[in-house]
Amino acid sequence: MHTQACIFDLDGVIVDTAKYHYLAWKRLADQLKIDFTEKDNERLKGVSRIASLNIILEIGNMHPDDRTKEKYAALKNEWYVDYIKRMTPDEILPGSIEFINELREAGIKVGLGSASRNTPLILKRVGMRNLFDAVADGNVVHKAKPDPEVFLTAAKMLNTDPRFCVVFEDAVAGVEAALNAGMICVGIGSGKILTKAHFVVPGLAMMNIEKLKEIERKARI
Ligand code: BG6
Ligand code: MG
């Protein structure tokens with residue numbers, strides 16, 4: 001086995017926070033009278049807070065100045081934090097802890113690569129901070145996925161060659177970021193949406209070391 005590290009996205013892979021992002025953005029869109037659907041929301045997954053806001057404003061054909069944009073983003077984040085500050089370990093997605101523990105026991109490093117600046121709060125709420133050898137999040141990385149910066153930063157923190165890292169991602173932009181980093185990417189969700197991933201599973205409950213080896217073999221052919 002060549003894999004030296006596995007790097008996980010947070011929202012929608014480890015925890016089910018994608019629904020809270022959607023609810024908070026939807027509330028803002030409703031206030032601005034912008035018709036924002038769950039389908040539009042797919043485009044927001046994995047991208048930064050301000051890039052998400054820009055997509056919503058584009059849908060509503062609105063062009064506010066930068067100060068107003070900052071106000072909107074802060075409002076959304078206030079509503080979002082209201083949800084996540086109440087999170088419990090029950091909201092960890094099935095299979096995440098088991099798979100991460102299996103990796104750790106096998107001596108494979110475990111990293112987190114997320115655009116979210118709320119990563120520390122979420123990890124604290126669900127009690128998972130100690131499971132990650134490195135955390136690259138929106139507080140240390142500034143280029144939004146599909147830029148590879150977040151995954152390359154995680155690989156660097158883990159002292160690992162990107163070619164020997166496997167990324168787990170639920171967002172189209174995140175899959176592209178992993179590929180742009182030269183890493184193997186396992187999509188979490190639907191193969192119809194994550195068409196560029198090397199392999200797609202519905203969730204981490206489907207993952208174990210044997211499956212990882214199989215994915216690695218297929219991706220390297
Ligand atoms: C990503 C989410 O993980 O983080 C995006 O998929 C979100 O939907 C982004 O916009 C930034 O998150 P935050 O918590 O910093 O607003
Ligand atoms: Mg995600």
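Every heavy atom of this structure was used, including side-chain atoms; hydrogens, water molecules and symmetry mates were not. Remember, it's a predicted structure, so these values are computed and weren't measured experimentally. We count ligands from 1, going down the list as the structure has it; atoms in each ligand are counted the same way. The chain is numbered in sequence order, starting from 1.
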Checklist line | Location of contacts on Ser116 toward ligand 1, heavy atoms closer than 4.0 Å | finding: both
Note to self: Using a plain distance cutoff, I'd like to know if Trp25 has any nitrogen or oxygen under 3.5 Å from a nitrogen or oxygen of ligand 1.
What the structure shows: no
Item checked: Side-chain donor/acceptor of Lys109 to backbone N/O of Leu158, under 3.5 Å -> yes
Next item on the list: Could you give me the CA-CA distance, side-chain angles and deciding distance for Leu131 and Asn101, then say whether side-chain contact (heavy atoms from CB on, under 4.5 Å) is met?
Entry: CA-CA 8 Å; Leu131 292 183; Asn101 280 335; 3.7 Å; yes
Item checked: Considering all heavy atoms, the nearest Thr119-Ser114 contact -> OG1-OG, 3.6 Å
Next item on the list: Give the name of the N/O/S atom in Asp9 that lies closest to the Mg ion (ligand 2).
Entry: OD2
Check: Around atom NZ of Lys156, are there more than 12 heavy atoms of other residues, nucleotides or ligands at under 6.0 Å?
Finding: no
Item checked: Shortest-distance N/O/S atom, Asp11 versus the Mg ion (ligand 2) -> O
Next item on the list: Look at atom 5 (C) of ligand 1 and find which of Thr17, Leu53, Asp9, Val47 reaches it with the closest heavy atom.
Entry: Val47
Checklist line | Distance from atom 6 (O) of ligand 1 to nearest protein heavy atom, with residue and atom | finding: Gly46 N, 2.8 Å
Next item on the list: Without swapping roles, check the side chain of Arg117 against the backbone of Asn139 for a donor-acceptor pair under 3.5 Å.
Entry: no
Margin query: With a 6.0 Å cut-off (strictly less than), is the heavy-atom count around CZ of Arg163, excluding the residue itself, greater than 12?
Written below: no
Check: If Ile, Leu, Val, Met, Phe, Trp and Tyr residues are connected whenever their side-chain heavy atoms lie under 4.5 Å apart, and connections chain through other members, are Phe36 and Leu53 in the same group?
Finding: yes
Notebook entry, point to check: Distance-only, no hydrogens or angles: does the Glu169 side chain make a donor-acceptor pair with backbone N or O of Ala178 under 3.5 Å?
Noted result: no
Check: Nearest to the Mg ion (ligand 2), which N, O or S atom of Asp170 do we find?
Finding: OD1
Check: Heavy atoms, side chains only, cut-off 4.5 Å: are Ile188 and Leu93 in contact?
Finding: no
Item checked: Atoms in ligand 1 flagged as close to Ser52, the criterion being non-hydrogen separation under 4.0 Å -> 10 (O)
Note to self: Please determine whether any non-hydrogen atom of Gly138 lies less than 4.0 Å from an atom of ligand 1.
What the structure shows: no
Note to self: Distance under 4.0 Å to a non-hydrogen atom of His21: what atoms of ligand 1 satisfy this?
What the structure shows: 2 (C), 7 (C), 8 (O), 12 (O), 14 (O)
Check: Which is closest to atom 4 (O) of ligand 1 by heavy-atom distance: Ile84, Ile122, Asp11?
Finding: Asp11
Notebook entry, point to check: To which protein heavy atom is atom 16 (O) of ligand 1 closest, and what is the distance rounded to 0.1 Å?
Noted result: Arg49 NE, 2.8 Å
Next item on the list: Closest by any non-hydrogen atom to atom 15 (O) of ligand 1: pick that one out of Arg117, Lys76, Lys45.
Entry: Arg117
Notebook entry, point to check: Under 4.0 Å from any heavy atom of Leu44, which atoms of ligand 1 are there?
Noted result: 5 (C), 8 (O)
Notebook entry, point to check: Which atoms from ligand 1 have a heavy atom of Ser114 less than 4.0 Å away?
Noted result: 3 (O)
Note to self: Checking Asp40 against Asp35 for the side-chain contact (heavy atoms from CB on, under 4.5 Å) test, could you report, in this order, the C-alpha distance in whole Å, the side-chain angles of both residues, the deciding distance, and whether it holds?
What the structure shows: CA-CA 9 Å; Asp40 296 325; Asp35 184 21; over 6 Å; no
